[in-house]
Amino acid sequence: MPELPEVETVRKGLAKRLLGEVIAHIGLRREGLRFPFPKGFKKGLEGRRIEQIDRRAKYLLIRLDNDSTWLVHLGMTGKFTLFSHNDIPEEYGKHDHVIVTMSDGGVAVYNDVRRFGFMDLIVAGGEQNHHHFANLGCEPLSEDFDAKALCKSLEGKKSPIKNALLDQRVVAGLGNIYVCEILFRAGVSPLRISSSIAGKSPQVTKRAELLVHETKQVLIEAIEAGGSTISDFAAVDGDLGYFAHSFRVYGKEGEACHNSRCSGIVSRISQGGRSTFFCPKCQH
DNA sequence: ATTGAGTCCTGAAGGC
DNA sequence: TGCCTTCAGGACTCAA
């Protein structure tokens with residue numbers, strides 16, 4: 001499911017309902033997700049008040065009142081569904097793995113069909129050195145992410161730009177869908193070698209600036225749309241996002257290029273084991 | 001040091 | 001009502 005905009009949507013949805021609430025009970029319906037739940041996970045969460053909910057890349061950071069942080073990654077199919085106290089389901093499905101009961105009687109259910117998601121509990125001050133964060137690149141929507149920074153991380157890279165943008169060390173939070181959309185909007189071929197974007201000539205700089213600009217633009221639009229939906233993404237409050245309707249190349253194999261002045265046909269190739277959709281005619 | 005391939009897991013969709 | 005293959009929004013681990 002979730003790339004940065006979807007995680008941001010979930011963050012907002014959770015914050016709206018859970019901020020200031022106390023976690024009364026954690027029900028773990030299996031030993032772990034992608035990784036086992038850490039030792040003391042349940043005990044560490046129960047009784048804690050949720051003070052703040054942040055996002056870093058595709059990670060949710062749920063700040064607790066003892067300065068520890070509940071880390072959640074949604075993987076491909078992770079989602080939260082919220083129920084108020086008079087609306088709690090009578091039974092849970094087989095992929096409802098974590099049941100969070102709040103002290104107001106409300107329940108947050110974490111469901112994850114493929115179980116690629118994971119959770120951790122980070123003690124106070126442990127975030128900087130946490131292995132999931134140590135090598136993360138900059139936030140694409142922050143001021144740190146500009147053409148200069150992008151060029152620096154692409155310097156000397158021989159991999160295609162598509163693969164580089166998916167690399168969380170280059171820039172953190174982009175996934176397969178948005179990278180396809182960004183490259184299309186920027187008119188940059190997914191096959192272009194990364195280092196060719198990192199040079200000093202005006203033409204090269206222009207490409208980097210365009211990539212940065214379109215990255216921010218696409219993410220902002222998607223966040224505004226409330227996150228996108230492919231097949232199984234439901235925003236935390238049950239609302240579906242609509243950005244999927246705005247895809248210009250993703251999933252559009254065989255269709256005419258969205259660019260009205262281009263007569264190209266969207267094609268689909270495989271890069272690093274992932275599908276890439278692009279217009280071979282107007283992306284260079 | 002980088003890069004690509006294989007891996008985890010389940011379910012949906014399409015071909016026959 | 002089948003069976004088989006392919007594919008899916010992520011990212012870790014390993015080998016070259």
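Note that the structure is predicted; figures quoted are calculated from it, not measured. Chain letters run A, B, ... following the sequence lines, proteins first and then strands; every chain starts at 1.
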Peer 1: Could you list the protein-to-nucleotides 7-10 of chain B atom pairs, N/O on both sides, closer than 3.5 Å?
Peer 2:
residue	atom	partner	partner atom	Å
B:dC9	O3'	A:Arg115	NH2	3.0
B:dC9	O2	A:Arg114	NE	2.9
B:dT10	OP1	A:Arg115	NH2	2.8
B:dT10	O3'	A:His95	NE2	3.2

Peer 1: What is the distance from CZ of A:Arg274 to P of C:dA11, rounded to the nearest Å?
Peer 2: 9 Å
Peer 1: Quick one: A:Asp120 CG to C:dC12 C1', roughly how many Å, whole number?
Peer 2: 15 Å
Peer 1: How does DNA chain C read in dot-bracket, base by base from 5' to 3', with Watson-Crick or G-U pairs under 3.5 Å and | used when the partner is on another strand?
Peer 2: .|||||||.|||||||
Peer 1: How is A:Gly175 classified with respect to the nucleic acid when contacts are heavy atoms under 4.0 Å: base, sugar-phosphate, or nothing?
Peer 2: sugar-phosphate
Peer 1: Classify A:Phe118 by what it touches in the nucleic acid, base, sugar-phosphate, or nothing, heavy-atom distance under 4.0 Å.
Peer 2: nothing
Peer 1: Apply salt bridge (charged side-chain N to carboxylate O under 4.0 Å, His left out) to the pair A:Lys152 and A:Glu155, showing each step before the final yes or no.
Peer 2: CA-CA 5 Å; A:Lys152 187 147 192 279; A:Glu155 234 167 45; over 6 Å; no
Peer 1: On a whole-Å scale, what distance lies between the P atoms belonging to C:dT6 and B:dG6?
Peer 2: 14 Å
Peer 1: Between A:Thr69 and A:Arg63, is there a side-chain donor-acceptor contact under 3.5 Å, judged purely by atom types and distance?
Peer 2: yes
Peer 1: Under 4.0 Å from OP1 or OP2 of C:dA11: is there any side-chain N or O of A:Gln168 that close?
Peer 2: yes
Peer 1: Would you tell me if any nitrogen or oxygen in the side chain of A:Lys58 comes within less than 4.0 Å of OP1 or OP2 on C:dG10?
Peer 2: yes
Peer 1: Just by modelled atom types, is the A:Phe243 backbone N or O under 3.5 Å from a matching donor or acceptor in the A:Glu221 side chain?
Peer 2: no
Peer 1: Expressed in angstrom and rounded to an integer, what is the separation of A:Asn135 atom CG from B:dT2 atom P?
Peer 2: 11 Å
Peer 1: Side chain of A:Glu6 only, heavy atoms from C-beta on: which candidate in C:dA8, C:dA11, C:dG9 is closest?
Peer 2: C:dG9
Peer 1: Quantified in whole Å, what is the P atom distance between nucleotide B:dG11 and nucleotide C:dC12?
Peer 2: 24 Å
Peer 1: Parallel, tilted or perpendicular: which describes the rings of A:His132 and A:Phe118, with under 30° parallel and over 60° perpendicular?
Peer 2: parallel
Peer 1: Surrounding CZ of A:Arg29 (heavy atoms of other residues, nucleotides or ligands, distance under 6.0 Å), is the total greater than 12?
Peer 2: yes
Peer 1: Whole angstrom is fine here: how far is it from CG in A:Asp167 over to P in B:dT2?
Peer 2: 10 Å
Peer 1: Figure out the CG/P separation between A:Leu4 and C:dA11, and round it to whole Å.
Peer 2: 11 Å
Peer 1: Is a donor from one side chain sitting under 3.5 angstrom from an acceptor on the other, for A:Lys158 and A:Ser194?
Peer 2: no
Peer 1: Look at the rings of A:Phe247 and A:Tyr250 and say which category their plane angle falls in: under 30° parallel, 30 to 60° tilted, over 60° perpendicular.
Peer 2: perpendicular
Peer 1: Measure the distance from CZ on A:Arg169 to P on C:dG10 and round it to the nearest whole Å.
Peer 2: 16 Å
Peer 1: What is the distance, to the nearest angstrom, from the CG atom on A:Leu165 to the P atom on B:dT3?
Peer 2: 13 Å
Peer 1: Closer than 4.0 Å, any side-chain N/O of A:His132 to the OP1 or OP2 of C:dA11?
Peer 2: no
Peer 1: Examine A:Tyr59 together with A:His73 and report whether their ring centres are nearer than 6.0 Å.
Peer 2: yes
Peer 1: Under 4.0 Å: is that the gap between some side-chain N or O of A:Lys157 and OP1 or OP2 of B:dT3?
Peer 2: yes
Peer 1: Any side-chain donor-acceptor pair under 3.5 Å between A:Lys162 and A:Asn176?
Peer 2: yes
Peer 1: Rounded to whole angstrom units, what separation is found between the OH atom of A:Tyr250 and the C1' atom of C:dG9?
Peer 2: 6 Å
Peer 1: With sequence neighbours left out, what residues match A:Phe184 under ring-ring contact (aromatic ring centres under 6.0 Å, His included)?
Peer 2: none
